[in-house]
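Everything below concerns the one structure shown next.
Worth knowing before you read on, the calculation uses all heavy atoms, side chains too, and leaves out hydrogens, waters and symmetry mates. Each chain gets a letter, A, B and so on, in the order its sequence line appears, and its residues count up from 1.
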Amino acid sequence: MVDGSPALDGSGALGGSPALDVAAAPATVNAGTGPLYGEPPIIEVRDLTIAYDGQPALRDISLDIFRHEIFGIIGPANSGKTSFLRALNRMDGFNPGMDVRGSIRLNGKDVNDWRNVYALRSRIGVVFPLPVGLPLTVYDNVAFSPRLRGIRKKVDLDEVVERCLTRAALWDEVKDRLDSLGSLLSGGQQQRLTIARALSQEPELLLLDEFSIAVDPVTTMRIEDVLRELRSELTIVLVTNLVQQARRLADRTAFFLMGEMLDIGVTEDLFEGKVTDERTTGYIEGRYG
Amino acid sequence: MFAATPLNRRSDRNQSVAKAVFGLMTVVLVIPVLLIIGTLVVKGAPAISWEFLFTAPRNNMTAGGIFPALVGTIWLVVVALLASVPVGVAAALYLSEYAPDNLLTRAINLAIVNLAGVPSIVHALFGFGAFVLFFNMGQSILAASLTLAVMTLPVVIVATRESLQAVPHAFREACWNMGATRWQTIRKVVLPNSISGILTGVILEVSRTSGETAPIMFTGATAFLAFLPESVFDQTMAMSYHLYYIATQATADVPEELTYGVALVLIAIVLMMNAVSIAFRVYLRGLKKW
Ligand SMILES: Nc1ncnc2c1ncn2[C@@H]1O[C@H](COP(=O)(O)OP(=O)(O)OP(=O)(O)O)[C@@H](O)[C@H]1O
Ligand SMILES: [Mg+2]
């Protein structure tokens with residue numbers, strides 16, 4: 001039944017989906033740039049369980065993420081948020097100890113059925129908490145993915161590089177030193193370089209894992225503005241330690257704790273106390289975690 | 001204001017003692033090196049001249065120069081490199097970038113480390129049996145170089161693997177996450193950032209190869225050859241073997257000065273290679289990209 005189109009019925013529940021999804025998809029169907037709750041989700045996760053060397057890190061997660069949505073995930077350390085993102089991008093392939101069960105569908109197709117895992121990864125941009133400036137020039141960092149896609153012409157590359165760096169709020173700082181090494185930028189600049197690189201993939205899906213951890217507050221606000229704009233082009237999964245950031249950005253938010261998803265719902269509802277588990281409110285109000 | 005406590009003072013004293021002991025050990029280590037080089041320079045320098053470097057030995061090797069041996073050593077080293085570097089680098093790339101981390105891979109890695117510990121005389125006999133006899137290459141530069149290559153392969157593999165692994169894993173994951181294949185990642189990020197380390201390993205290998213005697217003495221080196229080798233199927237003279245021969249095997253009385261001269265040139269080659277390799281390393285540190 002998860003294969004069928006999860007059209008919303010009056011109550012906003014997905015037919016036959018786990019009860020959690022009742023809150024998962026609000027009945028409002030936005031036209032234009034908002035989340036497309038009326039259409040099939042871009043990501044359907046069912047019974048996702050992740051273990052590292054036999055140690056469970058995430059248990060029985062089922063959720064849907066819709067197109068043009070910013071989906072927030074909050075939760076204290078060790079709750080499995082990063083593991084969730086890694087599974088979406090099939091990063092278990094890099095890590096033999098990581099065992100992923102259950103199903104993850106991207107555009108209706110199980111990520112394990114993508115014969116070309118490189119094509120899958122190239123459609124998903126990821127930004128992890130520790131910035132990684134590749135030991136290439138700033139320009140080549142951002143041109144890396146476009147070149148993989150076969151873009152060769154200098155003018156085209158120039159255009160992508162400038163657009164992505166501008167969006168990542170880095171262009172003004174590096175436009176005169178595009179030839180210096182990306183790995184020698186400051187930590188916060190490298191983080192924005194990583195964001196620019198993810199954007200250069202022209203991804204359908206952008207996974208952000210505590211992207212602002214190394215970025216100053218003013219720049220963080222600029223990037224948040226960009227993310228809001230980007231929502232009209234792509235879907236964003238935002239893992240954040242800053243609950244207020246989730247509140248500012250996320251359309252819906254899930255609360256993970258110790259490998260379990262305790263709550264999922266429209267962000268404002270969660271912050272107003274409409275929760276299924278008291279611990280969610282506890283965490284949001286800073287009493288927990 | 002911040003007066004030293006008795007504990008501070010004791011740590012201070014221990015620290016000085018440790019420093020003195022380690023310093024002394026270093027001196028003990030340096031003395032023999034200086035003695036060897038000093039002796040060679042004092043006794044060998046008078047023999048060195050253009051003529052010595054660029055003419056063949058004469059009078060049953062009691063006079064003349066070392067030119068054929070010098071050229072032969074270059075032949076041996078170059079052919080050995082041509083064989084060992086591509087194979088070694090490719091194997092290291094496979095082991096470090098592709099091979100799954102399982103029992104077999106670990107066993108292979110262990111075998112490689114052990115191969116590095118096999119005495120050179122064993123390699124020599126292996127080379128004789130395998131290349132000279134079995135593959136019917138005869139005693140030739142090819143057989144001798146391949147023996148040297150087999151012997152130095154572990155060095156190349158280990159040096160390459162270490163420089164590959166010095167490239168932080170996060171760079172690879174960042175590339176893979178953008179959809180790059182392993183090979184694209186290697187070509188664009190891993191190799192460019194480890195190539196200098198690999199070259200350093202190769203240069204060290206050259207310096208080792210040029211000094212080895214045992215592996216070439218049965219497989220392709222000859223005591224005397226008035227002409228220069230023309231192809232890899234010829235036998236050749238070599239510096240290390242030449243030194244061994246005039247010092248221990250020659251029937252006629254070789255002037256002491258000549259023997260020291262050969263030793264000095266040989267060690268100068270090795271030291272020069274090492275110096276290049278060290279210079280490379282320093283240069284590389286300056287290029288460090290992260
Ligand atoms: N590569 C790995 N190998 C082994 N165990 C891992 C690995 N990555 C994560 N884990 C384990 O999985 C569990 C969940 O980790 P995860 O990184 O998903 O948490 P998180 O919610 O992202 O935490 P944080 O907020 O601190 O980033 C932890 O117990 C962690 O030890
Ligand atoms: Mg995390």
- Tell me, yes or no, whether the heavy-atom count around Leu34(B) atom CG, taken from other residues, nucleotides or ligands under 6.0 Å, exceeds 12. yes
- Query: What distance separates Leu136(A) CG from Asn193(B) CG, expressed to the nearest 0.5 Å?
  - Reply: 7.0 Å
- Task: Work out which heavy atom in Phe171(B) is nearest to a heavy atom in Gly133(A); give both atom names and the distance.
- Result: CE2-O, 3.4 Å
- Within a radius of less than 6.0 Å around CZ of Arg101(A), do more than 12 heavy atoms belonging to other residues, nucleotides or ligands occur? no
- Heavy atoms only, distances under 4.5 angstrom: which of Phe128(A), Phe144(A), Tyr118(A) has the most pairs with chain B? Name it, please. Tyr118(A)
- Item | Where Leu148(A) and Gly179(B) come nearest, the two heavy atoms and their spacing | CD1-C, 4.2 Å
- Query: What distance separates Gln184(B) CD from Arg147(A) CZ, expressed to the nearest 0.5 Å?
  - Reply: 13.0 Å
- Item | Rounded distance [0.5 Å steps], CH2 in Trp176(B) versus CG in Asn89(A) | 12.5 Å
- Query: If you round to the nearest 0.5 Å, how far is CZ of Arg172(B) from CZ of Phe94(A)?
  - Reply: 12.0 Å
- Query: SG/Cys175(B) to CZ/Arg197(A) distance, rounded to the nearest 0.5 angstrom?
  - Reply: 7.5 Å
- Note on the structure: Value for CG (Leu134(A)) from CE (Met178(B)), rounded to nearest 0.5 Å, stands at 5.0 Å
- Side chain, backbone, both or neither: which part of Ile124(A) has a heavy atom under 4.5 Å from chain B? backbone
